[in-house]
Every structure is written in C-alpha cells, then in structure tokens.
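Each chain gets a letter, A, B and so on, in the order the sequences are listed, and its residues count up from 1. Just the heavy atoms: all of them, side chains too, but no hydrogens, waters or symmetry mates, feed the values below.
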There are 2 protein chains.
Amino acid sequence: MSIDGQLPPKARLLRAAAELLANSGGSAVSTRQITQLAGVTAPTLYHHFGDKEGLFDAVVAAGFDEYVAGERDFAPSGQPLEDIRRMWDNHVQFGLKQPELYLVMFGNIRPESRPAIVADAEALMEEMLNKAAVSGQLNVPPREAARSILAANVGVTLMLIAEKAPERNLELSTMTRDAMIFAVSTEQARINDSDDSGKSSVVVAAIALNAALQASHSDQLSSSELKLFLEWLHRISTSSTS
Amino acid sequence: MSIDGQLPPKARLLRAAAELLANSGGSAVSTRQITQLAGVTAPTLYHHFGDKEGLFDAVVAAGFDEYVAGERDFAPSGQPLEDIRRMWDNHVQFGLKQPELYLVMFGNIRPESRPAIVADAEALMEEMLNKAAVSGQLNVPPREAARSILAANVGVTLMLIAEKAPERNLELSTMTRDAMIFAVSTEQARINDSDDSGKSSVVVAAIALNAALQASHSDQLSSSELKLFLEWLHRISTSSTS
DNA sequence: CTAGCACCTATAGCAACGCTATATGAACTA
DNA sequence: TAGTTCATATAGCGTTGCTATAGGTGCTAG
C-alpha cells in the first residue's frame, strides 16, 4: 500500500502522484493521499515542489516527455504524410492510455498557465510537415497545417476519451485524420492516396437514400424489409475509402 | 457586492456561481464565495442543488441551453453546408465568449459523468448534415460526419482559448472548418454548393443508387442479397410518393 | 381563525483540505 | 570539531465542502 523501493522521496512523490491521478477517475487527489502513498509527510512535498500545482506540473512534464519520446520513436518512412498519420495515431493512443493525464495536458489549457506544452507539440508536428512541404506535398504553410491538424487531433482524442471504452469507435479518428491530411495536401498526393472515383457514386447515393428514407417514412417496404434494407445500405455507405 | 433583485435564492445562486466561474480565471470557486455573493447561507445551496457539482452542472446546463439557442437562432440558408459553417463559427464564438464555461463543458468530459452534452451537440449538427445528405452533398454518413466535424470544432476552440486573446488567429478556425467540410462533401458540392437540394428525395436517391450499383458492381453484398436489394430499390423508385 | 403541513432558510460545527512555522536529523566543508 | 546546508518530521492554522438540527414562512383544512 505504499511506494517504496530505494527511490528518493522526490521520485516516490512523483510516482505516487501519477498513480493516484491515473486512478482518480476525475475526482480530486489530495496531498495527504499522495504523501501517504509515497511514505512521506507533508513538508517534504512542499520542500521539493513548492506547491501541489508544482507537483502536478512535474507529473505533466514527465508525461509530456513520454509523449515526445513516443512521437520520436519510430523511424521516418520516407513518406512524410504517412509519418504524420503515425504521429496522429500515437497522439490518440497516448490519450487513451492515460486519459486523466491527457485531460490535464490538453483539456484544461488556460491562456495564462501553459501553452508551452501545446507549442512543443505543434513544433513536433511542424517539423514533420516541413519535410512534406519540401517535397511539394503541402497545400498550406507547415505551421498553419500543424496547428490545424493538432487541433483536430486533440478534439478527436478528447471525444474518444469521453466515450466509454467498450463503445469507442476508432474510425472517428482515422476518418478525421485522413480528412485533415487530405485537406492540407496537394492534388498529386490526394490521387495517390485514394481510389474513390469508382465507388464513390455508390456510396454517395446510398448515403443520400439512407437519409431520405429516414426522413420521409416511406411505406413502400414493410418494417422488416426496411430494417434489412437499411442494414445493407449501412454496409454500403460505410464501405470505406480507408 | 451581492446579487439581489427579487429573484428567488435558487436563481441567485445560479447567477452568482456563473459569474464567479466566469471570472475565476481557472482557479477554484468556493461554495462560501458563491453563497455570500448570492446573499444566502450554505444549506440553501445544498437544499436546491444537493451538491457543489450539482450547482455547477446546473450552470453548465444553462450554458448549454444558451449554446443550443444560439445554434438554432439563424434561419436555414437553403445551403446546408453553408449552415454547417455558421454552426461551426457559432460554436467557436460561444467558446471564446465564455471560455471558463466552455472548458467545463467540452474540455473536461469524463466517460462516467456526461457525454450527454456532447451527444446533444452531435445531434444538432447531424440534423443539419442530414439535409446535406438528402441532397447528395455528403460523402460519409451524417452521423460520422457530425462526430468528426464536432470533434475538430472542439479541438480548434480549445486551442484558441489556450492562446492569449490579443494573438488569437481565427484563420486556424476557418481553415480547419473548410478542410473538414471539404473532406466530407461530394465533388459536386465542392465545385458549386449547388441547389438541386429541393427536389432530391427518396426516389431520386434510389434511382441514383440503382444506376450506380449496376455500373460499378459493388462487392459489399452477395449476389442474392443484391438481387433482392435491387428489387426493393425498384419498388421504391417506381413509387409515386414524393 | 387556527392547526397542521409542506417548504425553505439559518445556526453551528465536523472532517478533510492545502499549506507552513518550527524543530530535528544527516551529510558534507573548513 | 564546529559550522553550514540539505532533507524530513511534529504540530497546527485557516479554509474547504458538507450536514444535523432547528426555526420561520406561506399554504390549505377544519
């Protein structure tokens, strides 16, 4: 019931705080809980971190180091836009693996406190987008593209965190990801990525029909027929361009 | 220094809480501050709202009513995708006008607490996207499009809130907005937000789907399924209703 | 008119919170 | 050995969210 090892108190405090934060389920974590789990008394905390917020900032900083390490981990594939996709997916996975930490890092950013973290994350993505820009694959300046993609990335991750784990649909992520990349990339890159021309008209028509049917209560089909019909429609209209 | 008027204590508490929350700058707001500003003692708060969180939930609910009212305020332009743009901009403006409230509403959503708010916001956008889908302007099912667009919308708004007001660049919003809409819309709609929206219907969509299916041999359905599917399509597309 | 009955609010106080003034021990420097 | 610095502990202050209990208000019933 306590974090021991031979670690120094400062590290034990950090670890205890991170663990309690991760399992708090959103409710507040008290300094007394932290110090007890770390096997330390109150003044030790304030000696090392000055503040409760100071301790939490340190936890966030450690979390961000982990995030950056994860983003730098993989080798460049030579296809910058493909690397951007991997950065996006890494970001989402990081958020889903440590939702409480993520919410502190990206869900609660106030102007006065710390846009620094976000700035670093932006720089990381901009760096990668620069390579795409060099090879003429980018439609907009790398900085603007990075900000835009990161914003969408954060929004998607927050949405997924808000959903209960069993019913999380990662398609939201891949779809939004590709939409953003598609939008900032040049025409050539688009043609390479997607083979839409063939079945897109089917998909569009199916989507339109689906919406129209639900809106206008057609009585041309029985309810059981309609149910099966709609199921097939859904199958067609979600046959993806992934 | 106190909220008076002849309002009942419940309303005064709500107003005091909203005001303190808006000016708190992110730091915590105590029940004692709230009750004092409302000119009321502690048990009154707990009688009406049960909880501090209950009071804050009520504030958020009021804020969400305001948000929905803002989203429903303008008249449909007849061009669904243009209306989506306006919904997006309204969303951003709401967030920038009441950043603290917005952070509570969209920046701190936990799975267990309240995805209800998000679900309503999604439904609002899906409703509008349905109109676009009926007129064949949509590339993906309205529900998925709504989730995706809203996620990006939230992400952008949070990013803008995180920046200090003087250096906020709204181009991030319009760029991301158009990128998302562009990505979920069909080619025709991209070229010219065309207005054959009025005459589109079940029949037209069914005919289009029928033609498209026969032309491109989708492999989403088995041959026997396809036969029955086409028969139903025929029944729908030769019916005289609307 | 009065008795009873919901409703709503106030007095007073508890346990838990973040934090600190002060003191004690251990390790190193001179 | 004496002095200095770093790190931890004892004890307690003021504030927090919340509540057990009781008192006042406006109502309808008799």
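Taking 4.0 angstrom as the limit, B:His48 places a side-chain polar atom (N or O) nearer than this to OP1 or OP2 of C:dT9. At least one side-chain nitrogen or oxygen of A:Ser30 sits closer than 4.0 Å to the OP1 or OP2 atom of C:dC17. OP1 or OP2 of C:dC8 has at least one side-chain nitrogen or oxygen of B:His47 nearer than 4.0 Å.
Using modelled atom types, one finds no donor on one side chain facing an acceptor on the other under 3.5 Å when comparing B:Ser77 with B:Gln79.
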Evaluate side-chain contact (heavy atoms from CB on, under 4.5 Å) for A:Arg85 paired with A:Asp178, printing each intermediate quantity in order.
CA-CA 8 Å; A:Arg85 285 195 177 83; A:Asp178 292 342; 2.9 Å; yes
Given the rule in the side-chain contact (heavy atoms from CB on, under 4.5 Å) test, do A:Val59 and A:Val104 qualify, once you have shown the distances and angles that lead to the verdict?
CA-CA 10 Å; A:Val59 172; A:Val104 177; over 6 Å; no
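Checking A:Thr31 against B:Ala42, the closest nucleotide of DNA chain C that is more toward the 5' end is the one next to B:Ala42.
Think of the region where chain A sits on DNA chain D: with heavy atoms and a 4.0 Å cut, that region ends 5' and 3' at D:dA7 to D:dT10.
Here the closest heavy-atom approach between residue B:Ala28 and residue B:Gln33 is recorded as O-OE1, 4.2 Å.
For B:Leu45 and C:dT11, the CG to C1' distance is 17 Å, given to the nearest whole Å. Going from atom NZ of B:Lys10 over to atom P of C:dT9 covers 11 Å, rounded to whole Å. Look at CG on A:Leu13: it is 13 Å from P on C:dG18, rounded to the nearest Å. The nearest whole Å value for the distance from the CZ atom in A:Arg32 to the C1' atom in C:dC17 is 6 Å. Computed from coordinates, the B:Phe49 CZ to C:dC8 P distance equals 12 Å when rounded to whole Å. What separates OH of B:Tyr46 from C1' of C:dC14 is a distance of 13 Å, to the nearest Å.
The nucleotide whose nearest atom lies closest to any side-chain atom of B:Pro43 is, among C:dA10, C:dT9, C:dC19, C:dA10.
Remark: the backbone N or O of A:Thr31 is paired with a side-chain donor or acceptor of A:Thr35 at under 3.5 angstrom.
Listed by first then second residue, pairs satisfying side chain to side chain donor-acceptor pair (under 3.5 Å) with a partner in residues 156-169 of chain B read A:Arg147-B:Glu163, not counting sequence neighbours.
Residue-level contact check: A:Thr41 touches the bases, meaning some heavy atom is under 4.0 Å from a base atom.
A 6.0 Å sphere centred on CZ of A:Arg86 holds more than 12 heavy atoms belonging to other residues, nucleotides or ligands.
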